[in-house]
Amino acid sequence: MTMQPLPPLDDLVACPQCDTLHHAGTPGAAERARCVTCGTILVTTRPAAISQIVVLALTATILMVAAISFPFLELDAAGKHSATSVVGAIAAFSHSLSVPMALAVAAFIVVLPVMRLLAILWALGPLAFGGKPLRSARPMFALAEMLRPWSMAEIFIIGVAVALVKVAGLATLTLGPAFWAFVALVLVTILNDTLMCRYSIWEMLDQHRA
Amino acid sequence: MGNAGSTPRLTARQAGLVACRRCGQVHLISDRICKRCGGALVSRDPLSNQRVWAWLAAGMIAYVPANIYPILLTSTLVDNQENTILGGVIDLVHHQSYFVAFIVFFASIVIPISKFMAIAYLVLATNGRIRGDSHRRHRLYDVVEFIGRWSMIDVFVVAILSALVQLDAVATINPGVAAVSFALSVVFTMRAAQCIDPRLIWDADRMPA
């Protein structure tokens, strides 16, 4: 293969999935740049997105507090009443079988999502308000990216729906306020993940480095 | 944004460069640490396949007790019941909740097993001995990465049920051993999928036949 002179390294971007090199450019508003080989989205830049991401992360954090503290399911059977919050669902594992299991469920639906939101706020919050990023902004954003597959709030919601059907014959079930807080949380999180262009955020964090 | 080379398309490795998989910054192939995000730079990870096999084996081993032992222990006034994953699905079918039965069956049996096979296939395909369409393999990889987490549904259902149904003598539900091993199986398989280096999938096609 004949080698062409390459442009400066900072003007290049390689597809993380298939390693194909591209010239980094800025796509127009609401456009996405895809890899020519495998179609992976490379850049979806929108400068305003930073403040949207931060506001959505803030919203999600507040919803999380509601989702944890209110009961999310109430059950009535044979004159007995029982209500459970997320904390209750976690505690169910701690008395019977294994504490590791309780810790894992707690981690997947509460601890990791909260950590991820806080990491996003830490990394991008100052940028959204026109300031300089904090010194640990880059490791924090890396942490948020690493946690992404492990925060499973949306899977938990479907789990609740399945549990509803399973118990439906046995008792009367009512959805509590926390359930709806959780649903809203999931929608906000999905919206946030779609808005987020990793490449542009890293570039921005890089430019603002002290 | 255009391709940096003329046809055939140039990869970073062919150009003597290495890209950070986390932030996309391109470096010379001799660099080890990304200057932008501080991540480790590896052009192709020769150990990634071994890591995938190790996690995959762990996931498959944990999947065995997950199916043999009960995942749900239900006691009501009249009887005590122990449900395995498959038993729970059959119960749901008896209760005419076909849709939920389908979801649980899909999430806890179809997805894990097809994921084991898909990961093994993708790793075997990277050595170029199995010829095929990289685009299709890449789509398979995307699906495996995306779907892995959804197998946790059953674990959460068990957690919710055992938290909710604690009505003393009338009915109680407790988690069984299988809940733990199933959760472990899902986590191990997710790790296996994350350890796959997708660039190897494409390299297999770029190798001369």
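Residue numbering restarts at 1 for every chain, and letters A, B, ... go by the order of the sequence lines.
- Trp150(A) places none of its side-chain heavy atoms less than 4.5 Å from the side chain of Met152(B).
- Taking CD1 of Ile160(B) as the reference point, atom CZ of Phe156(A) lies at 4.0 Å (rounded to 0.5 Å).
- Counting heavy-atom pairs closer than 4.5 Å to chain A, the top-ranked of the candidates Leu28(B), Leu200(B), Val187(B) is Val187(B).
- The number of heavy-atom neighbours closer than 6.0 Å to OH of Tyr69(B), taken from other residues, nucleotides and ligands shown, is 12 or below.
- Proximity to chain A (any heavy atom under 4.5 Å) is restricted, for Gln194(B), to the side chain, taken from C-beta onward.
- With a 4.5 angstrom heavy-atom cutoff, His135(B) touches chain A only via side-chain atoms.
- Neither the backbone nor the side chain of Phe99(B) has a heavy atom closer than 4.5 Å to any heavy atom of chain A.
- Note that CD1 of Ile155(A) and CG of Asp154(B) are 12.5 Å apart. Values are rounded to the nearest 0.5 Å.
- Interatomic distance, Cys15(A) SG to Arg21(B) CZ, rounded to the nearest 0.5 Å: 9.0 Å.
- For a residue to count as touching a neighbouring chain, one of its non-hydrogen atoms must lie under 4.5 Å from one of that chain's; by this rule Ile109(A) touches chain B with the side chain only.
- Of the residues considered (Val162(A), Ile158(A), Ile157(A)), Val162(A) shows the highest number of contacts with chain B, using heavy-atom pairs under 4.5 Å.
- Highest contact tally toward chain B, considering only Cys18(A), Pro16(A), Ala163(A), is held by Cys18(A) [criterion: heavy-atom pairs under 4.5 Å].
- Between the CZ atom in Arg148(A) and the CZ atom in Arg149(B) there is a gap of 9.0 Å [rounded to 0.5 Å].
- The contact between Gln17(A) and chain B is made by backbone and side chain atoms together, counting heavy-atom distances below 4.5 Å.
- Contact of Phe141(A) with chain B is not made at all, since no heavy-atom distance falls under 4.5 Å.
- With a 4.5 Å cut-off on non-hydrogen atoms, Ala12(B) touches chain A through its backbone and its side chain both.
- Across every non-hydrogen atom of Ala15(B) and Leu21(A), the tightest pair is CB-CD1, 3.7 Å.
- Interface residues of residues 174-192 of chain A toward chain B, defined by a heavy-atom distance below 4.5 Å: none.
- Heavy-atom distances place the side chain of Arg44(B), and not its backbone, under 4.5 Å from chain A.
- Considering CG of Leu205(A) and SG of Cys37(B), their distance stands at 10.0 Å, rounded to 0.5 Å.
- Residue Ile201(B) holds its CD1 atom at 12.5 Å from CG of Asp19(A), rounded to the nearest 0.5 Å.
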